[in-house]
Amino acid sequence: MAGFSRKLFLLCSLLVAQSSAQDFGQTQFICTSVPKDMDLCTASMQNSGPAEDLKTTIIQLRETVLQQKETIVNQKETIRELTSKLSRCESQSLPAAAGPGGRRPGSKNTMGDVSRGTTETLAQLGQTLQTLKQRLENLEQYSRGNSSAQANSLKDLLQNKIDDMERQVLSRVNTLEESKPGSRNESEQRNRVESTLTSLHHRITDLEKDKDVRPTDKFQLTFPLRTNYMYAKAKRSLPEMYSFSVCLWIKSNASPGVGTPFSYAVPGQANELVLIEWGNNPMEFLINDKVAKLPFLINDGKWHHLCITWTTRDGMWEAYQDGVLRGNGENLAPYHPIKPEGVLVLGQEQDTLGGGFDATQAFVGELAHLNIWNKKLSMAEIYNLATCNSKAPAGNVFSWTESNIEIFGGATKWTFEPCRSLN
């Protein structure tokens with residue numbers, strides 16, 4: 001064998017089938033002639049047919065591992081975002097969420113709800129719980145300085161609200177946990193939500209003990225988020241009116257546009273009566289879809305008193321801010337009576353009777369003391385309302401009391417007294 005320029009080396013390769021999906025049969029030992037100075041592994045890949053199959057299998061396995069690694073990285077990123085949102089839900093106060101510019105009232109909405117997805121909805125419900133908690137603190141402080149005997153009414157009112165929120169929050173948490181069964185973050189969030197609810201129930205019990213409640217008109221509505229599901233609705237329709245006055249307290253710093261403080265729709269006309277500020281446009285007042293631009297500037301985060309009067313004769317209107325006449329005009333839907341049998345909604349613009357809400361036109365902020373009269377108020381009466389004079393009249397068509405309003409979608413009530421609570 002010494003006369004040969006090459007030596008014969010034996011290369012033995014062992015192939016073992018481990019996958020149930022592919023059976024290679026019994027183990028084989030293969031002997032191959034290899035040049036003396038060549039790398040054994042390289043030679044085996046070049047000269048061995050079964051080794052070529054092994055190489056292909058290894059490459060496929062490597063690609064599979066890389067794909068799985070990428071999937072795991074994406075899942076970790078999703079969990080990290082979820083944890084961040086849930087943490088903000090727990091630690092942050094309610095934001096005055098501002099949405100994008102809107103569209104004309106009555107056009108079709110294709111945007112739907114601004115807050116998409118279970119995670120964001122859960123975060124919003126968590127924020128609503130924080131608002132409810134702050135409201136309870138506000139009520140406790142108020143009740144200590146007042147005297148009345150309505151503690152049971154307070155308990156029932158708040159208990160019903162908390163029970164409803166509890167069902168919504170726990171339902172959303174369960175849905176989120178089922179979609180990610182291996183995550184610990186959702187379980188931790190569920191524990192925090194349950195802890196908050198338990199704390200609220202204890203607070204209600206404490207309020208039951210010699211605590212008092214505010215009069216039924218001393219409250220405000222808070223709309224913390226720009227959505228298409230937070231709103232309040234009057235329990236009764238407006239009558240037919242040939243003149244009217246509508247006054248309210250309002251506070252907002254939303255931009256662009258505070259949204260729609262209120263809208264009144266009737267069969268066949270969704271914009272029978274609308275107050276709206278959408279996008280970068282000035283505030284507008286609509287009657288039968290006819291528009292008057294109002295000289296109001298209110299998105300400074302402070303409380304303002306607004307009043308608008310109108311008569312069907314020549315469509316005369318006047319606009320007051322904080323008791324002062326800011327503008328007037330005529331030919332706003334002249335000789336058109338305000339129609340009855342409609343739906344009065346607070347916080348949303350209606351595209352259909354009682355619905356068709358668009359998140360981009362939702363009101364973000366706080367409302368209080370919305371009153372409507374079927375007559376034109378005098379300048380002195382409006383000034384009394386804006387300065388909280390004891391002679392200020394209450395609305396004879398719609399008055400601001402808790403029994404006249406239903407609340408939906410997480411909008412909340414806070415204690416409010418005009419002038420005393422200003423800014």
Side-chain angles (χ1 to χ4, degrees), residues 94-116 120-121 124-125 127-128 131 168 219-238 246 248-279 281 283-289 291 294 298-299 306 308 342-370 372 398 400 404-413:
L94 282 171
R103 52 177 176 78
R104 289 296 308 199
S107 61
K108 186 64 178 176
N109 171 36
T110 58
M111 177 177 176
D113 190 352
V114 166
S115 56
R116 298 181 177 88
E120 295 184 15
T121 303
Q124 292 173 5
L125 290 174
Q127 291 171 346
T128 302
T131 299
Q168 293 185 56
F219 71 98
Q220 69 186 54
L221 295 182
T222 299
F223 303 88
L225 303 168
R226 198 182 292 274
T227 73
N228 62 359
Y229 57 82
M230 281 189 182
Y231 68 101
K233 184 173 68 173
K235 293 183 178 180
R236 295 185 302 173
S237 175
L238 301 180
V246 54
L248 71 155
W249 287 94
I250 187 171
K251 178 180 179 181
S252 179
N253 60 359
S255 177
V258 302
T260 308
F262 68 85
S263 63
Y264 177 68
V266 297
Q269 179 52 270
N271 297 322
E272 183 70 2
L273 193 62
V274 182
L275 181 64
I276 184 172
E277 183 183 79
W278 55 281
N281 300 285
M283 183 165 282
E284 297 177 343
F285 192 60
L286 286 76
I287 298 179
N288 192 32
D289 215 19
V291 182
L294 305 180
I298 62 171
N299 61 339
L306 305 181
I308 303 168
V343 177
L344 176 62
V345 170
L346 311 182
Q348 297 284 352
E349 189 272 326
Q350 303 173 67
D351 282 348
T352 59
L353 186 64
F357 303 147
D358 179 358
T360 65
Q361 295 180 324
F363 174 72
V364 178
E366 300 164 56
L367 297 176
H369 283 232
L370 174 68
I372 302 176
F398 177 82
W400 186 257
N404 287 340
I405 298 173
E406 296 178 288
I407 300 177
F408 302 90
T412 55
K413 293 180 183 178

Rounded distance (nearest 0.5 Å) linking atom [atom1] of [X] with atom [atom2] of [Y]:
{"X": "Ile308", "Y": "Leu248", "atom1": "CD1", "atom2": "CG", "value": "8.0 Å"}
{"X": "Met230", "Y": "Phe363", "atom1": "CE", "atom2": "CZ", "value": "13.0 Å"}
{"X": "Gln361", "Y": "Trp278", "atom1": "CD", "atom2": "CH2", "value": "7.5 Å"}
{"X": "Thr412", "Y": "Ile407", "atom1": "OG1", "atom2": "CD1", "value": "7.5 Å"}
{"X": "Thr222", "Y": "Lys413", "atom1": "OG1", "atom2": "NZ", "value": "11.5 Å"}
{"X": "Phe398", "Y": "Leu238", "atom1": "CZ", "atom2": "CG", "value": "8.5 Å"}

Could you work out, with side chain to side chain contact (heavy atoms under 4.5 Å, CB included) as the rule, every residue matching [X], not counting sequence neighbours?
{"X": "Ile298", "value": "Ile250, Val258, Met283, Phe296, His304, Leu306, Gln321"}
{"X": "Glu272", "value": "Tyr264, Val266, Gln269, Asn288, His336, Ile338, Lys339"}
{"X": "Ala362", "value": "Arg226, Gln348"}

Notebook entry, point to check: Taking the six-membered ring for Trp, are Phe219 and Trp400 parallel (under 30°), tilted (30 to 60°) or perpendicular (over 60°)?
Noted result: parallel
Checklist line | Partner residues of Asn404 under the side chain to side chain donor-acceptor pair (under 3.5 Å) criterion, sequence neighbours left out | finding: Ser399, Thr401
Note to self: Holding to side chain to side chain donor-acceptor pair (under 3.5 Å), I want the full list of residues that pass it with Ser263, two or more places apart in sequence or in another chain.
What the structure shows: Gln350
Distance-minimising heavy-atom pair for [X] and [Y]:
{"X": "Leu367", "Y": "Phe223", "value": "CD1-CE1, 3.9 Å"}
{"X": "Val364", "Y": "Leu225", "value": "CG2-C, 4.0 Å"}
{"X": "Ser237", "Y": "Gly342", "value": "OG-N, 2.7 Å"}
{"X": "Ser252", "Y": "Ala254", "value": "OG-N, 3.2 Å"}

Item checked: Within-4.5 Å side-chain heavy-atom neighbours: Leu370 and Ile405 -> no
Next item on the list: Could you tell me whether the side chain of Leu273 reaches within less than 4.5 Å of the side chain of Phe285, counting heavy atoms only?
Entry: yes
Notebook entry, point to check: Is there a side chain to side chain contact (heavy atoms under 4.5 Å, CB included) between Asn271 and Glu349 once you walk through the steps?
Noted result: CA-CA 8 Å; Asn271 297 322; Glu349 189 272 326; 3.0 Å; yes
Notebook entry, point to check: How far apart are the C-alpha atoms of Leu294 and Leu275, what are their side-chain angles, what is the distance that settles it, and do they pass the side chain to side chain contact (heavy atoms under 4.5 Å, CB included) test?
Noted result: CA-CA 10 Å; Leu294 305 180; Leu275 181 64; 3.7 Å; yes
Margin query: Using the ring pair (Phe, Tyr, Trp, His ring centres under 6.0 Å) criterion, which residues pair with Tyr231? Sequence neighbours excluded.
Written below: Phe357, Phe408
